[in-house]
Amino acid sequence: MELREFSEDIIEKARSLDSKAVSAVFEHYYPKIYRYCYYRCESREQAEDLASEVFVKVVKSIKHQSGNFEAWLYTIAKNTLTDYYRRKSVRKENSVDEEILEAMPDEKAVDNAPLIQEELKVAINKLTDEQQQVITLKFIEGYDTAKIAEIMKKSVGAIKALQFRALISLKGILKEGQIS
Amino acid sequence: MNNKNMEDILDLCFEELKKGTPLKEVLAKYPDHAEELKPLLLVASRLESAPKPEPSTNAVYNALMEAGKYLPEQKVYRPHFQFDWLFRPQFAFAKAIAIILIFALVGWTTVNASASALPGDFLYPVKLATEQITLVLTFKPEGKAELRLTFSEQRMQELLARYRKDGIIDAKLIREMLDEAKLALNRISDLSKEKQPQFYSKVIHFNDYQKNTLQSIQPHVSGEQRRYIDNAIETCSNRGEWMRNMMKQGMYCPWQESSGCDWR
């Protein structure tokens, strides 16, 4: 959970392409964006590629950015993921759902791999897009409800409703798969 | 009560849990809805206590290089954090990096193969060495603390895998699992004041999760091995109680000898 807001001064300097400030933004947000992508794509490698793609876009356009930086950053991440899903669905038309099957942990992998992260990832992947966002921002990154509302450009009430429904879905998914 | 109210109550419960209030106390505030709230809060707790995935150093380096291309040329791209040295242009240093990369490439396959190794496996020492290197290369205090929790989680998964494979409860793994969790909490004083309550709460939930997992295999274990599990569960219970007491008093301190929370 991020209790301290990332300094607005640093973001302002990053907007003027100050290299130190840009790298500070990078250091602070790269792991967050990586995790945001990790729980919503199929592999660590893809999450790393997507996070990198997001930061190239950030560096390219940060000088024109104004307003809430985090909301802007997560919008870029969301759009990058949408493009990724689109590309993936085009590929899927030509092949069986092999990628999805590969992403599901097999019995051996469940025995040996970092169980929690992989299982939660599979479960989170089954939620709707907005539910995935709320779960990742709330429980993985630790943002409070008001901050998530800002980032997702929704009302606090809408975020509460989304997290309620997401947890009910997750409860069912985890129970169904005997993951818990 | 309609969904709208439940959504509000659930959110209030999260706030309470975040402050370190035990689940039982939180549920006691909403007795009419405790049955519905409990499974949702447990799912949330599981999500929060799961070790966070971290990007590889290599990925961060590559991303920095890629993003750096789009900064104006007159701006020298020199990150101030731990990757700073990667951007210095000294030729000798570049050669050193090249050599390291060659070794890294050779070692990569071994390290990957070692990820699922168990104690006694040929590659298990490689796995432990990789963990130690990751720890040394992590500079942020919160990163080091998170890593300790990740290692504790790893030891628990190895414990379960070993049990499933050979039916053996490895006492050494239990000790290491508990020691790593202890080392995570001992990092608390390195964290900023703002981050201490949140990390403390995380360790509490992580400790609960380990206790629940041990309890799930407890009935299937007998004899001397059962004693190991019983002791570990007792240790987790003592730790949970001690940490919650500390948190109630607003004291985010590391383990103390007098806490009596060590595994015997």
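Atom set for the values below is all heavy atoms of this structure, side chains included, hydrogens, waters and symmetry mates excluded. Numbers restart at 1 for each chain; the letters A, B, ... are given by sequence-line order, proteins then strands.
Residue-environment remark: NZ (A/Lys78) stays at or below the threshold of 12 foreign heavy atoms within 6.0 Å. For A/Lys13, the NZ atom is loosely surrounded, since the number of other residues' heavy atoms within 6.0 Å does not exceed 12. Heavy-atom contacts from other residues, nucleotides or ligands closer than 6.0 Å to CD of B/Gln132 number more than 12.
A/Asp144 places a side-chain heavy atom less than 4.5 Å from the side chain of B/Lys18. Between A/Gln163 and B/Leu40 the shortest side-chain heavy-atom distance does not fall below 4.5 Å. Between A/Leu167 and B/Leu47 the shortest side-chain heavy-atom distance falls below 4.5 Å. Under the 4.5 Å side-chain criterion, counting only non-hydrogen atoms from C-beta, A/Glu27 is in contact with B/Lys140. The closest side-chain heavy-atom distance from B/Leu10 to A/Lys160 is not below 4.5 Å. Taking the side chain as every heavy atom from C-beta outward, B/Val43 and A/Phe139 never approach each other to under 4.5 Å.
If you measure heavy-atom distances from A/Ile159 to chain B, you find no contacts under 4.5 Å at all. Residue B/Phe199 does not touch chain A at all, counting heavy-atom pairs closer than 4.5 Å. Contacts between A/Ile124 and chain B at a heavy-atom distance below 4.5 Å involve the side chain alone, from C-beta outward.
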side-chain contact (heavy atoms from CB on, under 4.5 Å) assessment of A/Ile168 paired with B/Met6:
CA-CA 12 Å; A/Ile168 287 178; B/Met6 272 302 291; over 6 Å; no
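Qualifying side-chain hydrogen bond (donor to acceptor under 3.5 Å, both in side chains) partners for B/Glu16, counting only residues two or more places apart in sequence or in other chains: B/Thr21, B/Lys29. B/Tyr252 pairs by the ring-ring contact (aromatic ring centres under 6.0 Å, His included) definition with B/Tyr200, not counting sequence neighbours.
Salt-bridge annotation for A/Arg35 and B/Glu54: present, with a side-chain N of the basic residue lying under 4.0 Å from a carboxylate O of the acidic one.
The minimum heavy-atom distance linking A/Leu120 with B/Arg46 is given by the pair CD1-O, 4.2 Å. Among all heavy-atom pairs drawn from B/Glu7 and A/Gly157, the shortest one is OE1-O, 4.4 Å. Of all the heavy atoms in B/Pro53 and A/Tyr39, the pair that sits closest is CD-OH, 3.5 Å.
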